[in-house]
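Only one structure is covered here, and it is reproduced in the block below.
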Amino acid sequence: MADYNFSLVEKKWQKFWEENQTFKTGTDPNKPKYYVLDMFPYPSGAGLHVGHPLGYIASDIIARYKRLKGFNVLHPMGFDSFGLPAEQYAIQTGQHPAITTEENIATFTRQLKNLGFSYDWEKEVRTSDPAFYKWTQWIFMQLFNSWYNIETNKAEPISNLISVLEKEGNANIKAACDEDTQVISAEDWVNLTEKEKQLFLFKYRLTFPDESYVNWCPGLGSVLSNDEVKEGVSERGGFPVEQKLMKQWAMRITAYCERLINGLDEVDWSDSIKDQQRNWIGRSQGASVRFALEQQTTNNKQQFAIEVFTTRVDTIYGVSFMVLAPELELVASLTTPEQKNAVDEYIHWAKSRSEVERQSEVKKVTGVFTGSYCINPFNNEKVPIYLADYVLAGYGTGAVMGVPSGDQRDWNFATHFGLPIIPILDAQKGMEKEADNTKEGKYINSGMINGLDYKAANEVLIKYLDQNKIGKGKIQYRLRNAVFSRQRYWGEPVPVYYKDEIPYLIDESELPLLLPEVDNYLPTQTGEPPLGNAVNWKYKGKYEYELSTMPGWAGSSWYWYRYMDNKNNVLFADKQAINYWQDVDLYMGGSEHATGHLLYSRFWNHFLFDLGLVPKREFAKKLINQGMIQGRSNFVYRSPITPGKDTTFVSFGLKEQYHAIPLHVDVNIVENDILDTEKFKASRNDIGNNPEFILENGKYICGHEVEKMSKSKYNVVSPDDITVKYGTDTLRIYEMFLGPLEQAKPWNTNSISGSFNFIKKVHRLFFEEIAGTEKLKVTNNEPTKADLKVLHTAIKKVADDIERYSFNTVVSTLMICVNELAALKCNKKAVLEQLLILLSPYAPHISEELWEAIGHEPGTISYANFPVFDASLVQESTFEYPISINGKVRANVALPTDMSNADIEAAVLANETVQKWLAGNTPKKVIVVPKRIVNVVV
RNA sequence: GCUCGAGUGGUGGAAUAGGUAGACACGCAGGACUUAAAAUCCUGUCGGAAGCAACGCCGGUGCGGGUUCGAUUCCCGCCUCGAGUACCA
């Protein structure tokens, strides 16, 4: 029989969809909307890899399914096309990154179209397109012109702030601002110079210049990410890397900490992603307490004190030592002459410790006494000050109060250095072996809180801190403001120029600020970013532009709005379009973006919401993270080489007896772990002319292992290879059949023939071969009861499972349905056309083809009506009850489904087999679970 | 170390509300068709003992306990693997 020609059919329909713009989407007030969004890819030079399509296929299935259910579906695709690889290629070859990017996008587009996705390609966006980044720059300008008002709990125009400053100064302003902002009066403000005013406002703006440390690599003349630094030297080239303080644009994301945590309750995202975000933001409620230093005059207490943050201020009377991070500048002035050598030695040692050493020696206590003391403000006792590298300079104040009775790490530290361990709660157990972090019981040894419980004690202590100005109740976040500058070329220019060393926004009418041409993509001789190479690039011909560019996450933090109205020249998207599409109903992408992209995007969206530009605080209702596709490597086993003899490879099961060593082998010449030895010989020139293979059962079996997918492990499989061999429909079915979408899994093609067989079986339901030609065998006959039962069982399960995103079980259901219809020799059009609709989201090409073959208008299956389940067609008049006796199933009894429990019980007990098993015993009770099971307890 | 997942046949996996574990698919074995192969179709396939045979029996979802008439599913303890995170006070 002539096989189903998938390659011809698939090309035909891809062309049809493109030419007829089948998936072109506009706003349609008569239909409910549904927005399915994929995380858009960075168009890398390697092209689409086999893990990419997993999420895209799943989201495409949902998009096609929702269309069948009558939704107006927005399902776009675009490219996150600014990025480092294109720039590095430009540095090496001199080719403009725009050209490389253009070529890569062309490859991606071709590959994506080849997979039959129902994207509306008219809506494509690219972050590196000036028509797009104009609006990224515009949003930056809005952030620049805003501050965060804690009273109203939203971002407001900076002009509001200025008018308050003019009237009454900032004493009454509650804002998310720099920690060091001084209180000024209206008079102070008015008397500031223009430059001072601007500098003052930067303490409030939501984007502002900030000094921050970067990994500076003099050898490469550029700034590196943490990722690019390995053990203190650059990954590329191995040059030393140093910490350098640089002026960088920062985003005041910390203003939104609280809202970013609370907003998580509004969205349907997985708990693990929500947990990750919550932990990343790291809210902890507690108090800050200032410990004055012992040796100092009383009048400058404020300046010379150690401030700590604690979540357990109630343990304050249990403090027996203080620990500082060794990196703190304060340390030098605290160290007494007697301790100087020991301290210097410790600091030196701490700096030399690699990350790996710190990790593996968690349990070992290290530290050093500085010789100084501070004073516990509650009981005026002397507290010795230590250094230890378990305290981080970057978190909080870099100082921790040590309470050994309630904290295990503090207990270890105190025990090691022989410091007192003071019990503070009567409920605390003996402290000989370990700390007890209970909050139960009443306080003891605790001055003003003796006899109180946890809650009361906290209230008393916080009040005391406030009244005596030695601290306050405080909420601390782990999240930092986000650095927004990159010393790179291939990114969005920051729409800012400098006048008198102060940055100002360019005029809105000048947007987009185009990326200038440069002849060298490296930093300038003077160490300025690559944009410093641009000639005559000045605002109004005289002011220097900002030379850094925006980071990769800028464009991806708002792009879903641009898809709604991607051609708009006046707004980032038309108000009406935004009001129609509102937000993303389903967002599909990898979980590796949990604390990057997904957090920044939420931040920008909250900000745009504050400005009234978008209707929803949260931009994505439902998020699904597809699991990572790992590589599955294959191995051959080479027995020890004997000089002068050909290389010998032994099959997997024999490797032990030959003492053979494993070598990676290209997975593309292995099928079901069986090596194609001829191809293997041809592919390698390092194994001699006539290698010997020692086989098992006539086959060479390869070993396998799950590893990261990479070229060097010969385990990369391209989706193109699969579509050529089996077709797109098979690939789509197979990727969904692999297992639960969210689960990480190794890629292997062992069972792809099952999916291929399924496609062929579907075709065979419609066509048969008569005398060498294919004939359509579909008739208009009335479906039988059996036909309809099979069909409607499938309709129910397909619809239920797709609603809970269980793609793999839907495929199983479709396979069962096709097998059963084939067994029934069902060739009725009324049944088969419903089957095609069920199948069409998964295998759209063959569905379209057969839909047309049975007489429908071409292309109309995409918007057909999803079959309606009819329960009466699958209802049974009787149900075969499994009867268990003491939990073991012993009999099956068929009974009418509409029987009462009492009648079922009577009928079961009267049954012969049941009687036999009861063997004359009287049942204690009988449990009837309708349509499930009957359990008789003896 | 901490947090969150997961552990089911030779393999990927199913069991949606605690109710007949192993659906579906791969692989394997046997058979049909064929001169032969491919393709296709049919049968079997968790393990065990015994057996002329059975649609019968026993065991079985990482390990040990518990709750329940009944546990892959819930609870407690342990082991292993994966992901995230890095001493967060």
Side-chain angles (χ1 to χ4, degrees), chain A residues 1 3 270-276 278-280 282-284 286 308-312 315 323 325 355 358-363 388-392 394-403 406-410 476-478 591-592 594-595 625 627-628 630 632 672-674 697 704 706 733-734 737-740 742-746 748-755 757-758 760-761 764 769 797 800-801 803-804 806 808-816 819 822 880-892 923-938:
Chain A
M1 161 166 165
D3 267 343
S270 74
D271 286 340
S272 82
I273 289 274
K274 287 185 182 184
D275 278 352
Q276 275 186 63
R278 280 194 197 101
N279 293 340
W280 190 261
R283 180 185 201 274
S284 42
V308 299
F309 173 76
T310 175
T311 51
R312 288 292 303 275
T315 64
V323 193
E355 285 291 311
R358 286 189 175 203
Q359 281 169 37
S360 56
E361 291 168 28
V362 169
K363 291 206 170 112
D389 70 353
Y390 77 80
V391 178
L392 301 178
Y395 182 75
T397 56
V400 179
M401 61 184 213
V403 184
D407 182 284
Q408 189 57 44
R409 202 175 45 210
D410 292 350
Q476 175 102 359
Y477 295 95
R478 179 185 175 274
S591 56
E592 67 270 22
T595 51
N625 299 118
M628 216 201 303
Q630 295 150 305
R632 188 179 186 279
N672 293 332
D673 289 338
I674 297 163
N697 304 322
H704 65 88
V706 173
I733 291 278
Y734 182 63
F737 189 61
L738 262 177
E742 306 201 52
Q743 191 176 298
K745 55 214 148 206
N748 80 79
T749 49
N750 281 358
S751 54
I752 196 164
S753 57
S755 306
N757 286 343
F758 168 69
K760 290 191 283 192
K761 280 183 197 169
R764 232 173 288 128
E769 194 193 272
K797 195 153 164 49
D800 286 355
D801 285 358
E803 291 287 352
R804 62 185 182 102
S806 176
N808 53 334
T809 54
V810 173
V811 175
S812 295
T813 303
L814 291 169
M815 286 179 174
I816 294 168
N819 286 345
E880 183 114 331
Y881 277 91
I883 314 298
S884 72
I885 311 222
N886 287 341
K888 280 273 165 217
V889 173
R890 300 297 186 186
N892 284 302
K924 286 199 193 101
K925 62 174 163 176
V926 178
I927 296 143
V928 177
V929 186
K931 295 284 283 287
R932 294 274 191 183
I933 197 162
V934 179
N935 194 12
V936 182
V937 186
V938 181

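All values below come from the heavy atoms of this structure, side chains included, with hydrogens, waters and symmetry mates left out. Every chain is numbered from 1 and lettered A, B, ... according to where its sequence line falls, protein lines coming before strand lines.
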Does [X] place a side-chain N or O at less than 4.0 Å from the phosphate oxygens OP1/OP2 of [N]?
X: N757(A); N: A39(B); result: no
X: K760(A); N: U40(B); result: yes
X: N808(A); N: A25(B); result: no

If you only use heavy atoms from C-beta on, which nucleotide in [options] is closest to the side chain of [X]?
X: I816(A); options: A23(B), U40(B), A14(B); value: A23(B)
X: F737(A); options: A25(B), A15(B), A89(B); value: A25(B)
X: R890(A); options: A89(B), U20(B), C57(B); value: C57(B)
X: S751(A); options: G19(B), A25(B), G59(B); value: A25(B)
X: M815(A); options: C24(B), U85(B), A15(B); value: C24(B)
X: S753(A); options: C26(B), A23(B), A25(B); value: C26(B)
X: R478(A); options: U85(B), C4(B), G19(B); value: U85(B)
X: S812(A); options: A86(B), U20(B), C24(B); value: C24(B)

Nearest whole angstrom, please: distance from the [atom2] of [N] to the [atom1] of [X].
X: I885(A); N: G70(B); atom1: CD1; atom2: P; answer: 14 Å
X: R764(A); N: U40(B); atom1: CZ; atom2: C1'; answer: 7 Å
X: W280(A); N: U85(B); atom1: CH2; atom2: P; answer: 7 Å
X: Q743(A); N: G13(B); atom1: CD; atom2: C1'; answer: 9 Å
X: L738(A); N: U11(B); atom1: CG; atom2: P; answer: 17 Å
X: K761(A); N: C42(B); atom1: NZ; atom2: C1'; answer: 12 Å
X: F758(A); N: A25(B); atom1: CZ; atom2: P; answer: 10 Å
X: Q276(A); N: C2(B); atom1: CD; atom2: P; answer: 18 Å

Rounding to an integer number of angstrom, what distance separates [N] and [M] when you compare their [atom1] atoms?
N: A89(B); M: C74(B); atom1: P; value: 30 Å
N: A36(B); M: C58(B); atom1: P; value: 48 Å
N: U40(B); M: C79(B); atom1: C1'; value: 48 Å
N: G30(B); M: G82(B); atom1: P; value: 38 Å
N: G64(B); M: G9(B); atom1: P; value: 15 Å
N: A17(B); M: G70(B); atom1: C1'; value: 15 Å
N: A14(B); M: G7(B); atom1: P; value: 9 Å
N: U3(B); M: C76(B); atom1: P; value: 14 Å

Problem set entry | Under the side-chain hydrogen bond (donor to acceptor under 3.5 Å, both in side chains) test, residues paired with K761(A) that sit two or more places apart |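 K761(A): side-chain hydrogen bond (donor to acceptor under 3.5 Å, both in side chains) contacts with N819(A).
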
Exercise. NA contact type, K924(A), heavy-atom cut-off 4.0 Å: base, sugar-phosphate, or nothing?
Worked result: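 Touches nothing.
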
Exercise. Counting any heavy atom closer than 4.0 Å, what does N819(A) reach on the DNA or RNA strands: base, sugar-phosphate only, or nothing?
Worked result: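 Sugar-phosphate only.
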
Exercise. Using Watson-Crick and G-U wobble pairs whose two distances are both under 3.5 Å, how do you write the pairing of RNA chain B as dot-bracket, with | for links to another strand?
Worked result: (((((((..(((......[....)))((((((.......))))))(((........)))..(((((..]....))))))))))))....

Exercise. If anything within 90° of 0 is syn and all else is anti, what is G27(B)?
Worked result: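 Here G27(B) takes the anti form, which means its glycosidic angle is more than 90° from 0.
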
For this session: Grab the two heavy atoms, one from R478(A) and one from N279(A), that are nearest each other, plus how far apart they are.
Result: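 That closest heavy-atom pairing would be CD-O, 3.7 Å.
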
Interatomic spacing from [atom1] in [X] to [atom2] in [Y] - rounded to 0.5 Å:
X: S284(A); Y: R312(A); atom1: OG; atom2: CZ; value: 13.5 Å
X: T315(A); Y: M401(A); atom1: OG1; atom2: CE; value: 4.0 Å
X: N625(A); Y: I273(A); atom1: CG; atom2: CD1; value: 4.0 Å
X: K745(A); Y: L738(A); atom1: NZ; atom2: CG; value: 6.0 Å

For this session: Show your reasoning for whether side chain to side chain contact (heavy atoms under 4.5 Å, CB included) applies to D410(A) and V323(A).
Result: CA-CA 10 Å; D410(A) 292 350; V323(A) 193; 5.8 Å; no

Exercise. Given side chains that start at C-beta, do those of V934(A) and V929(A) come closer than 4.5 Å, heavy atoms only?
Worked result: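 A side-chain contact under 4.5 Å is absent here.
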
Problem set entry | Residues which pass ring pair (Phe, Tyr, Trp, His ring centres under 6.0 Å) with F758(A), listed by chain and number, not counting sequence neighbours |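 For F758(A), no residue satisfies ring pair (Phe, Tyr, Trp, His ring centres under 6.0 Å) once neighbours in sequence are set aside.
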
For this session: Give the intermediate values and the outcome of side chain to side chain contact (heavy atoms under 4.5 Å, CB included) for residues M815(A) and N757(A).
Result: CA-CA 10 Å; M815(A) 286 179 174; N757(A) 286 343; over 6 Å; no

Problem set entry | Residue mapping more 5' on RNA chain B - nearest nucleotide basis, D410(A) or S806(A) |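 Upstream on the strand: S806(A).
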
Problem set entry | Nearest-nucleotide 5' precedence on RNA chain B, T311(A) against V936(A) |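 The residue whose closest nucleotide sits nearer the 5' end is V936(A).
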
